[in-house]
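In what follows, a structure is listed as structure tokens, so that the remarks can point back to it.
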Number of protein chains: 2
Amino acid sequence: MPKERTSSGDPAHTLQLLWRGSSPDRRRGPRRGLSIDAVVEAATAIADAEGLAAVTMRRVAKELGVVPMTLYTYVPGKAELLDLMLDAAYARMPRTDTTGQPWRQRVTAIAEENKALFERHPWAAAVSTVRPPLGPGQMSKYEHELSGLEGLGLSDVEMDDCLTHLLTFVQACAVAVADARAAHHDSALNDQQWWELNAPLLARVLDENAYPTAVRVGAAAGAAHSSAYDPDHVYAFGLQRVLDAFAALIDRRGNA
Amino acid sequence: MPKERTSSGDPAHTLQLLWRGSSPDRRRGPRRGLSIDAVVEAATAIADAEGLAAVTMRRVAKELGVVPMTLYTYVPGKAELLDLMLDAAYARMPRTDTTGQPWRQRVTAIAEENKALFERHPWAAAVSTVRPPLGPGQMSKYEHELSGLEGLGLSDVEMDDCLTHLLTFVQACAVAVADARAAHHDSALNDQQWWELNAPLLARVLDENAYPTAVRVGAAAGAAHSSAYDPDHVYAFGLQRVLDAFAALIDRRGNA
DNA sequence: CTGTACGCAGTACAATGTACAGCGTACAGA
DNA sequence: TCTGTACGCTGTACATTGTACTGCGTACAG
């Protein structure tokens, strides 16, 4: 499926919510029983504990002791709620100060911070960021991460390119982890069990002569990690590749 | 959201479907009006034209001139249908013969084949592959792509690692494109229009002094590509990085 | 004191995957 | 040739989702 969050609402209103624009004038009527932050916090708690699929308007409302429709007086819709959740999560990310450290450590720190984000909030990997939440959290994150890439001799455009490349990689890893978790959740099998169940069945229908390389390499990879797909290894291996790639780009620039 | 497809059904049955296991004995009752292939083909046609969200059991059934529940006599459920769609798409991928070419061209060819897959079938990017469809299409694809990585001095495990890294990257790019398409579809705005709408609003709430690097780099990146996010550029830039990374790994191995 | 704006609640609807039960067909065995 | 049964297909039904709409009561502005 395409990812979640396709806010079709009014951009101005969404931005006002993200930046917590003050209420325009004195409020009439009964006092508000909740706050945007409370709604976002409740939704985030549910998502952290049970995954994004558990975040339904009814569920969030129940958690807050109100009826579902009440939420719509705080948030225009579910898409905007996801925007707010994501920007709040960005805002809460610890931002390591790596000034003075060698660039590989600085880039690694950026990756680790994002990895930690997705470990604390696995659902965040599943939220589309092609139209990012343009809130203070996102801005501050972007500012912080770009700072880590300054002084390497990269152009501004290359800095953005490299950051995008790095974050795309980390998010892709997180998506895989989240998918595995979701599959585990509603198939009652974890990845290893699933493979152990399928391997012998596959061996029966698979002609080893037809796929010699696949069988050989697949066996080697399966033996090397405990399972056929080891997320930690994919991340560790991939991060080294990304660092090597940046090194090549930086060297090229330095010699030019 | 987590991605689609969490087949909770019987693995043995799913494998039998993927490999088109013959019906065990002589059939009784009325003759079948359709075939698995027809169902898979119809679903794929809908997904290609209107996205994965348009693929509902009711819609597929209507396209085939049957009632929704009829599909369940061909396929155990929607998850398995997605498995079959994906494996069929894998099977149909053109497999370029790159024997004898330099390794960069061979790796590039693998990337391009996958990019083409996602261009022809954008929905494929949104289907989770942490538990891949273990069918003939997937197997043949894996065999083909591994062959392209042989003879580089990489170990079997490294071949698998590199392939995973490459495919993860290409799929991540495709996911972004698919997300943008989906957002365009149900917000009536394409990415460029969305940015043009948000940029001036953002400028009003954004303190330029608080995010100097972000504003500077963001402006440069936005000016360099026509939009703030250019999928083609992200792919082209990223592929070069992946190739550089592989080069570093291969060189290291060669010198070891 | 009163009118009105606004927070909150309840009902309602369309869309989804699919469980379940019934109906009719066409082959297996007589 | 006749009949029982396995099986393809249909129709109805249900739980779950986001959210539009309507009504009620509150608390501040005048």
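In what follows, chains carry the letters A, B, and so on, assigned in the order in which the sequence lines appear, proteins first and then strands, with residues in each chain numbered from 1.
Residue A:Leu52 contributes atom CG, which lies 10 Å from atom P of D:dG18 at whole-angstrom precision. As rounded to whole Å, 11 Å separates atom P of D:dG8 from atom CD1 of B:Ile36. To the nearest angstrom, C1' of D:dT19 lies 12 Å from CD of A:Glu80. Taking atom CG of A:Leu71 as the reference point, atom C1' of C:dA9 lies 12 Å away to the nearest angstrom. Whole-Å rounding puts the B:Tyr74 OH to D:dT10 C1' distance at 13 Å.
Although no hydrogens or angles enter the test, the distance criterion places no donor-acceptor pair under 3.5 Å between the side chain of A:Asp160 and the main chain of B:Ala221.
Screening B:Glu119, B:Glu113, B:Glu112 against B:Lys115 for a salt bridge (Lys or Arg N to Asp or Glu O under 4.0 Å) leaves a single residue, B:Glu119.
Between A:Thr73 and C:dC8 there is a side-chain polar atom (N or O) within less than 4.0 angstrom of OP1 or OP2. In this structure, B:Arg31 reaches the C:dC27 phosphate: one of its side-chain N or O atoms is under 4.0 Å from OP1 or OP2.
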Might you list the N or O atoms of the protein lying below 3.5 Å from N or O atoms in nucleotides 17-22 of chain C, with each pair's distance?
| unit_1 | atom_1 | unit_2 | atom_2 | d |
| --- | --- | --- | --- | --- |
| C:dG17 | OP1 | B:Lys78 | NZ | 2.9 |
| C:dG17 | OP2 | B:Met57 | N | 3.0 |
| C:dG17 | N7 | B:Arg58 | NH1 | 2.6 |
| C:dG17 | O6 | B:Arg58 | NH2 | 3.0 |
| C:dT18 | OP2 | B:Tyr72 | OH | 2.8 |
| C:dT18 | OP2 | B:Lys78 | N | 3.1 |
| C:dT18 | O5' | B:Tyr72 | OH | 3.4 |
| C:dT18 | O4 | B:Arg58 | NH2 | 3.4 |

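Listed nucleotides D:dG8, D:dT10, C:dC8 differ in distance to B:Arg32; the shortest reach to its side chain belongs to D:dG8.
With 3.5 Å as the limit, one finds no donor-acceptor pair spanning the side chains of B:Asn190 and B:His184.
Note on ring orientation: taking the six-membered ring where Trp is involved, the planes of B:Tyr211 and A:Trp19 are perpendicular (angle over 60°, cut-offs 30° and 60°).
Stem regions annotated for DNA chain D: C:1-30 with D:1-30, counting only runs of 3 or more consecutive pairs of Watson-Crick or G-U type with both contacts under 3.5 Å.
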